[in-house]
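As structure tokens, the structure follows; a few thoughts come after it.
Only this structure's heavy atoms are used, side chains among them; waters, hydrogens and symmetry mates stay out. Here is the naming used below: chain letters follow the sequence lines, and residue numbers restart at 1 for every chain.
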Protein chains: 4
Amino acid sequence: MTLKKKKKNKPWAGRFSTGSSKILEDFTESISFDQRLAFYDVKASIAHTLMMKRTKIITGWEAEKIINGLSKIMNLVQKNRFKFSKNFEDVHMNIESYLVKLVGEVGKKLHTARSRNDQVAVDMMLYLKDESVLIINLIKNLQKSLLAISRKSIKIIIPGYTHLKQGQPILLAHFFLSYFFKFQRDLDKFRKSQMSLNVLPLGAGAMAGVNYATDRKYLARLLKFSHISENSMDTVSQRDYIIEFIFCCSMVAMHLSRLAEDLIIFNSDEFNYVEIADAFTTGSSIMPNKKNPDVLELVRGKSSKILGNLSGIFTLLKGLPTSYNRDLQEDKKILFETIDYIKPMLQITADVLDHISFHADKIKEKMRDGFILAVDIADYLVKKNIPFRQAHYITGSIIKYCIHKKKKIFDLDLKEFKKYSKDFKEDIFSILDYKKSVESKISYGGTSTRSIKKQMQIAKILLNKK
Amino acid sequence: MTLKKKKKNKPWAGRFSTGSSKILEDFTESISFDQRLAFYDVKASIAHTLMMKRTKIITGWEAEKIINGLSKIMNLVQKNRFKFSKNFEDVHMNIESYLVKLVGEVGKKLHTARSRNDQVAVDMMLYLKDESVLIINLIKNLQKSLLAISRKSIKIIIPGYTHLKQGQPILLAHFFLSYFFKFQRDLDKFRKSQMSLNVLPLGAGAMAGVNYATDRKYLARLLKFSHISENSMDTVSQRDYIIEFIFCCSMVAMHLSRLAEDLIIFNSDEFNYVEIADAFTTGSSIMPNKKNPDVLELVRGKSSKILGNLSGIFTLLKGLPTSYNRDLQEDKKILFETIDYIKPMLQITADVLDHISFHADKIKEKMRDGFILAVDIADYLVKKNIPFRQAHYITGSIIKYCIHKKKKIFDLDLKEFKKYSKDFKEDIFSILDYKKSVESKISYGGTSTRSIKKQMQIAKILLNKK
Amino acid sequence: MTLKKKKKNKPWAGRFSTGSSKILEDFTESISFDQRLAFYDVKASIAHTLMMKRTKIITGWEAEKIINGLSKIMNLVQKNRFKFSKNFEDVHMNIESYLVKLVGEVGKKLHTARSRNDQVAVDMMLYLKDESVLIINLIKNLQKSLLAISRKSIKIIIPGYTHLKQGQPILLAHFFLSYFFKFQRDLDKFRKSQMSLNVLPLGAGAMAGVNYATDRKYLARLLKFSHISENSMDTVSQRDYIIEFIFCCSMVAMHLSRLAEDLIIFNSDEFNYVEIADAFTTGSSIMPNKKNPDVLELVRGKSSKILGNLSGIFTLLKGLPTSYNRDLQEDKKILFETIDYIKPMLQITADVLDHISFHADKIKEKMRDGFILAVDIADYLVKKNIPFRQAHYITGSIIKYCIHKKKKIFDLDLKEFKKYSKDFKEDIFSILDYKKSVESKISYGGTSTRSIKKQMQIAKILLNKK
Amino acid sequence: MTLKKKKKNKPWAGRFSTGSSKILEDFTESISFDQRLAFYDVKASIAHTLMMKRTKIITGWEAEKIINGLSKIMNLVQKNRFKFSKNFEDVHMNIESYLVKLVGEVGKKLHTARSRNDQVAVDMMLYLKDESVLIINLIKNLQKSLLAISRKSIKIIIPGYTHLKQGQPILLAHFFLSYFFKFQRDLDKFRKSQMSLNVLPLGAGAMAGVNYATDRKYLARLLKFSHISENSMDTVSQRDYIIEFIFCCSMVAMHLSRLAEDLIIFNSDEFNYVEIADAFTTGSSIMPNKKNPDVLELVRGKSSKILGNLSGIFTLLKGLPTSYNRDLQEDKKILFETIDYIKPMLQITADVLDHISFHADKIKEKMRDGFILAVDIADYLVKKNIPFRQAHYITGSIIKYCIHKKKKIFDLDLKEFKKYSKDFKEDIFSILDYKKSVESKISYGGTSTRSIKKQMQIAKILLNKK
């Protein structure tokens, strides 16, 4: 590699002799991905200028000129017409150098009393404040779909599973609502993480603070932060809010993956519980019979990349020595990719749910042998005052007998029941009913229709909370 | 492998023909590690019994017998004298079977209206409630050490670094306080995570709810939960609170690793800023000259395992199909190990700080050339109304000149300064002073003594907050 | 924490003033887990002594005394009767100090011309050489089970899946053999990794080499290493062979997890393809009907921890500065845990396979509609010279028609076929047969009986390869 | 979301009713990133066509037409002028549909006897074969730089470190060569991984094999594979070769990160051992004095993303059920990103090394106190027949005395030495010399000039190996 002569266009050119080469510029630039921060960068610069005016670091006239220039840039940015160039490394230098072009020497005053270290931190926080709102809305949107589908499926009884084995009959709505509440916790996590985004970093300077009597409280008011960071070194070196954000995304991704996995299994020919709309499936290039749940598989697959990103950002931070290091530039790549992944995953999962239908008849077939009513039989005995463990043992023995004899539970007569316990009476047969089983789960949070309706009511209230 | 005949001692033996082998029992058992839940398991069982009595699922007399037995067990557990056996798979069965031994058949009623799926969830939450208090206290303890060491080091000026290059002079206290605030955020995260531990899972049954009119609100009151879980399927399948807990530990670990890394660098012969007490160092088996910061290296090394665990728990959950699966047993191994790692890491880091001392004289030597005052020179020019970017360029050129001529900043005379800008006057020399540089960082959060004292005041208030 | 006075029992006590405390000793000790290296440590020490004798670093008489002592220790270690104590930090110091007790002052000569840094590296490599043989044998054992079960299932036709949707009929043996070849690659990886374990680290000293004319080639011969490490700094700082070993374990874990996942799905009530022996399942504490594939779920769950460990060890190494750092002690925890996990996972999966049986009749039912023969229909048309893409489209339309009309493929008459292509003739009906479909996959590696037998033959050859 | 009508442009359109929407197409498409496979896709298609001709699956005339079309496409691809469109999902369909446009109906015969599942696998392997050569060359290039810098630094003595504390004097060349051998192992890993890329997947079909008497050996010959995959199910479901490739990249990344970390520390003002060329550093936007090693920090930072990717790909695979699933599409994103990261990291690290210089004088200053010669003093005593452990203790005590008295080792007189052992004689002073210390490390692999030259010779031989 031969080295270029001088870094003329760099803000720190004074101290340097040779310039950097093309391959290097590609390696170090961030403008190709941090340009999405332009809006926030200009916004923060305007606030910074107003603050410098108020604290007399610059004059009113200077401030006016600078803000004028920044407003023009903002306009271009919003119209997507600002031209970014790799010559200027990152979003900050792109904007600042264009400002100088617009307003002349006075533009060089903008960077007084701040550093790129606190500047990038405030940009990121402003950006994440907006993104977190978008993601919260997408989660709500998904929850709406889950609630809607719960309404549609409240009369369908399916086997509830543990260990992927049929356990007890439940309402299909119960299943969908279980995801509603998982995503509710994710949503709460995003809300809690917004507090971490509410501490103004701007004003920390490079890491020591600045030689000016700045007014950070005023800055915070302008930019709508509720708190100010307390320690300037901490401020420029920490990315806790980014890790927390990626962690929240990882929780969502993990839940989406599990939901996708469940629907893929329900969509297998053997389960055959759901029909995914054609739009969300694809065929095979070779097997004309196939209708594959590709979209859900991609949701499941993409979640892995997000989890990998969480691992990556922790690894990055874990090894860093004191204060700011350039490694931190990579946090943006990891964060932006994570955000660009999670949003369509949320949207599309909701879409899938909105267009799913059920094969209620097929589902019913799956429970034909009635073994799934075992707990109800055991509890029948308990109510006859047989200790639960014993009741459990008796019922287990009955199931074994049925398997051995290739009988369904419904095929047994009272005599057969009585072989296992004399406490069985005629009323045992009234127990052997899926609907009844479901409705007898009267505990709070259980699968009875009443309880599910209660859950739906709570879900609705949660959705309406701002 | 030859298979044993029958699983007599298993609670679900009724349905089974052959028993499991030794290697299998080792593979599936959890009693070797989940016995630490015994206290919480008994506690929850007592509450469950009281609730069953109240709701007339069992009689008062039965409840009395059971509680009597459980109290005896609790006593043994607290005295560390309860005998756990691998014959009974897990902590729940160990306790239940011993209960039956103590109180007879009535003990078999304990497991009415609950399942191990909700039982283990409530045990884990009760356990984590306690552990989170312990960890919060350990964080506070570390913060106390950081505050104490800040007090001791408030008069020592060190180079502040970015990119591991000297940037600007700062107070050493500033450095230690920067970690105080990092750990404050971790502490807040643990506090926020306590909310996730405040939602009672008990009563969800295996996943569908139970066939009894239980009173979960009463249970919540007894066990001091502020909320009740809304959906029984969600309740038994989710481990969000465990992942969140490990995430919080990971944040702490990452911060501890960075602090350790900084101190290790400060402890190198080349920096030579700190002296770590002999107790926290070890020698070399071959090099008699060595005094190695092993303890801090172990803190840094152990943090990797915690980060690996976060990756592991996410991977585990991400792949799970609907509701409860036995894979979840591994969550305990991951969680317990993480907790057993993070607690001594916190304690010992505090201990290291309590016994550290500084080589103030050596530190001063490191800044001899005065280049670290460059920002102050630039800001001097700014105050003479030179735009910051230009002032920055001029100062950079002066530094280059010094390097070239092998001069310190302090060696320059006014003529030399004036070569770079006519705006330099005699008063430039009053700027060239580390103490002055530090004190001129008057912005909120900056490194001036006044600002650092303010930070220490806030730190004290935060420490006193319950 | 109060500090103890002096580290008398430490090999490096000369330079130190105060001793370490209990909590510290617990934090830094490794004897609780590295004692498993004792056998290898003694073995390497004996070789080191012989080498020192040969190169006249010590006298013949001294060597004799030392080797005599080491042999006694070896004897104790092999009988599991050596007493390890936390007083002596790690396995090396435990053995050395006991040696001095046994043979007196001359024992203090053992550590001449070596350091713990190269000593632990050689111990680990010797240990891993043995463990890799054990694991390779366990993989072979599993492959034997896979081959055996393939033999048993060569006549059973099941649906082959992609996207968890039925694709084409295959022999069940084909499925099991697909795992045989996955594990074959893992086995090859372990074999390749053995090369990395064949480079003698002993003799590197602390990192610079030693002040003695050692004979490392002789050492290599004694300890059966084929190569000697070339650079002493690299030697003590690298753990590539450990990471590679954990990587190989991770590949195995990932494949075991997928196999477990497949069997769990095949074991669901809806698929109902396999019957897992009672010994490898457990029941529910509440649902007497359940027979859960817990063992396979644990295999799947435990694989997550291994993957987390891979992430952890990389994170650990990634952040390390030059040469040896104490962080490396954690490599052992990560490695040993991984090995202790993977071995029973391999053993038990083989056991599960040895005791599995199939519901051939149930499987047949699952393919009733015959859609799974679509590729065969398309290829029928191709052979009538219709381009594949068009044939694919035609067949897809026929399937759609069947679904719409609720017909099986077998229900269609020639007229219906001809509506979609006039190229359909009477011979189409001979195509509509699962067995025929399977046998027509005549390509190398395909699912025809002949091809499967060929695979089994190759599998047998691979198994017999040493 | 409203659904579009029909998937006309899809190869599997026959079976479907409604089409997919824009957002969906973005979510599922892979053409934006898999287009880099175009060259290999065409190459494999040509071989597939030749094989179909040879086995009479298609006629010679048909083959000619298809190959003619494919050659035109190849030409466009190589000139970077092929137009890819999202309408056609992925690279395979883009090419096939354009082929049909070029050559008409006969083009639809290309996909006979294969599936996208085996097609993408062969494309990936062909691609990775080329990439692995590129990466191996980049590693070699870096090794060349390491060897060159070793030559330049063979006369410079620096402190060798363990625990980031000065241990023993070493040649700087020793340090650089230690990385040479690390990267040699990485290179060997890539070479070993090439074997995994040498097993032809093409011909496996969708997963069951195909209904044609294909000639896979001929295909292997045409495409230069040495082996053929044995089991078609395994073939389409495995991505072991991709994980192994990312693992190899992760090893390289980890080593690059450590090298970067070392150079960053050596570049600190306190160490001040190296001068990184201006081109590879950047300044500060606020501190004119800074010359930051940004490029190396980015190398260190970017390595985290690669490690995250390894974690991600394992997580992805770990959760997959049998055979091919669409999740696998994400493997490409993870793999391509990893490759696009590692290549410039390797290139630029070599560039940095090519333009680095040393401050030999500054380095010498760092060892002034001579404590770093302690091992030599101990070994001096050993040669006077004092057991090593005792010699170690004596030397440690001398160091402690020096620290206490603020003396250098060189300041001690014989009387002082004799206080610690009567065995010290006048000749002890001849030991106290850095150069002598270095040259006395005569063991194989040690730091003596002779040994280092031997290492350089071996390095040269390794570099020349093809």
Point to revise | Interchain contact, L320(B) with chain C, by part (heavy-atom threshold 4.5 Å) | key: side chain
Exercise for review: Go through E297(C), E261(C), H92(C) and name the one with the most non-hydrogen pairs under 4.5 angstrom from chain B.
Suggested key: E297(C)
Practice item. Could you check which of D26(B), D294(B), T315(B) has the highest count of heavy-atom pairs closer than 4.5 Å to chain C? Key: D294(B)
Practice item. Count the heavy-atom pairs under 4.5 Å between each of Q119(B), H111(B), M345(B), R114(B) and chain C, then report the option with the highest count. Key: H111(B)
Practice item. State the OG-CG distance between S303(C) and L316(B), to the nearest 0.5 angstrom. Key: 7.5 Å
Practice item. Output yes when K305(B) and E337(C) qualify as a salt bridge under the 4.0 Å nitrogen-oxygen rule, no when they do not. Key: yes
Point to revise | Side-chain touch R300(B)/N325(C), heavy atoms, less than 4.5 angstrom | key: yes
Exercise for review: Report, by ascending residue number, the residues of residues 205-212 of chain C in heavy-atom contact with chain B at a distance under 4.5 Å; give 'none' if the set is empty.
Suggested key: A206(C)
Check your understanding: Below 4.5 Å, heavy atoms only, C-beta onward: do F27(C) and K302(B) meet side chain to side chain?
Key -> yes
Exercise for review: Output every pair passing ring-ring contact (aromatic ring centres under 6.0 Å, His included) with a member in residues 281-322 of chain C, not counting sequence neighbours, ordered by first then second residue.
Suggested key: none
**Study point:** Atom group of P321(B) that falls short of 4.5 Å from chain C, counting heavy atoms
**Key:** side chain
Check your understanding: Is there side-chain contact between T282(B) and T28(C), with at least one heavy-atom pair below 4.5 Å?
Key -> no
Check your understanding: Would you say the side chain of L298(C) lies within less than 4.5 Å of the side chain of D327(B), judging by non-hydrogen atoms?
Key -> no
